[in-house]
Protein chains: 2
Amino acid sequence: MELRSDSCGIEVALTVIGGKWKPLVLFHLNHGPRRFGELKRLVTGISEKVLIQQLRELADDGVILRRDYQTVPPKVDYEMTPFGYSLAQALQPLCAWGDENRLQIAELQKEAQSTAT
Amino acid sequence: MELRSDSCGIEVALTVIGGKWKPLVLFHLNHGPRRFGELKRLVTGISEKVLIQQLRELADDGVILRRDYQTVPPKVDYEMTPFGYSLAQALQPLCAWGDENRLQIAELQKEAQSTAT
DNA sequence: CAGCATCCTCCATGATACTG
DNA sequence: CAGTATCATGGAGGATGCTG
């Protein structure tokens with residue numbers, strides 16, 4: 001996504017959390033550091049490639065920290081940075097909104113889908 | 001996007017505001033009702049098709065209201081619903097976060113891009 | 001003016017197999 | 001265990017022309 005100087009900061013935020021799985025990853029890392037394998041299990045349905053991809057992007061954006069233990073067998077874990085936590089904070093209300101309206105939204109989108117037929 | 005019962009409500013919210021231009025549209029409608037043509041001008045770069053698409057989806061999700069004046073020539077405008085305003089409220093902190101960190105994020109993503117080369 | 005129809009492009013996501 | 005490398009794909013997004 002292209003960053004523009006105009007308009008609302010939401011777009012900026014979306015360049016960071018816009019990936020399909022990123023909110024999930026953030027959600028899980030918000031509970032503490034996680035190893036790669038853990039995340040793979042926690043974020044059910046994601047492929048390894050995409051998980052790595054999203055983790056890299058999050059790390060590049062300074063939201064999470066990748067720690068490589070340089071051991072054999074490999075051990076790597078990911079942890080939120082303070083910057084990441086500030087993002088998580090900003091995300092709280094939206095998260096709450098989503099939780100509150102989950103059912104209604106699911107309902108509406110189901111209708112829209114059937115109408116679209 | 002698929003709605004799942006687990007995880008954070010952010011995903012739910014993203015099914016509503018996840019479109020490439022939706023935050024922009026919301027941003028502009030947050031200032032008051034806008035006619036189709038106005039939005040087309042305000043959201044620079046968007047094609048008519050996509051604008052209509054996103055407006056429809058937002059309307060289907062109950063976030064905005066489409067009002068057709070049934071006149072010739074056609075006049076239609078769009079307005080946020082109370083539900084939409086509640087979403088806008090929840091979006092505020094994220095918006096602020098984005099604004100605060102806009103420069104830093106732009107910087108980081110530029111680096112990542114050049115590194116990727 | 002507002003919107004629909006058609007066609008097309010591209011990229012995020014995905015599936016699979018291999019490696020240090 | 002934690003990746004990389006390839007190849008495939010689907011659907012969001014885009015360009016253009018037409019209509020009531």
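Convention: sequence-line order gives letters A, B, ...; per-chain numbering from 1.
- Considering Leu55(A), Leu39(A), Val43(A), Leu26(A) in turn, Val43(A) is the only one that fulfils the side-chain contact (heavy atoms from CB on, under 4.5 Å) rule with Trp21(A).
- The interatomic distance linking Leu51(B) (CG) with dT16(D) (C1') rounds to 17 Å, in whole Å.
- The nearest whole Å value for the distance from the CD atom in Gln53(B) to the C1' atom in dG3(C) is 12 Å.
- Rounded to whole Å, atom P of dT4(D) lies 12 Å from atom NZ of Lys49(A).
- The pair Asp77(B)-Arg67(B) meets the salt-bridge criterion, since a charged nitrogen lies less than 4.0 angstrom from a carboxylate oxygen.
- Residue Ile52(A) places its side chain closer to dG3(D) than to any other of dG14(C), dC4(C), dG3(D).
- Using a 4.0 Å heavy-atom distance criterion, Gln54(A) is classed as a sugar-phosphate-only contact.
- Using modelled atom types, one finds no donor on one side chain facing an acceptor on the other under 3.5 Å when comparing Asn30(B) with Tyr85(B).
- At the heavy-atom level, Tyr78(B) lies under 4.0 Å from the strands shown only through sugar-phosphate atoms.
- With rounding to whole Å, Glu48(A) atom CD is found 17 Å from dC7(D) atom C1'.
- Taking every side-chain heavy atom of Val76(A) into account, dG3(D) is the closest of dC1(C), dG3(C), dG3(D).
- Atom CG of Leu55(A) and atom P of dG3(D) are 8 Å apart (whole Å).
- The distance between atom CD of Gln70(A) and atom C1' of dG3(D), rounded to the nearest whole Å, is 13 Å.
- Phosphate contact (OP1/OP2 of dG3(C), side-chain N/O of Arg66(B), threshold under 4.0 Å): present.
- When each of Val50(A) and Pro74(A) is assigned the nucleotide of DNA chain C with its nearest heavy atom, Val50(A) is the one assigned upstream, toward the 5' end.
- Checking the phosphate oxygens (OP1, OP2) of dA2(D), a side-chain nitrogen or oxygen of Arg35(A) falls inside 4.0 Å.
- Atom CZ of Arg56(A) and atom C1' of dT13(C) are 17 Å apart (whole Å).
- Between Trp97(A) and Phe83(B), the gap from one ring centroid to the other is short of 6.0 Å.
- Of the possible polar contacts, one joining the Asp68(A) side chain to the Gln70(A) backbone as a donor-acceptor pair under 3.5 Å is found.
- For the pair Ile46(B) CD1 and dG14(D) P, the computed distance is 7 Å after rounding to whole Å.
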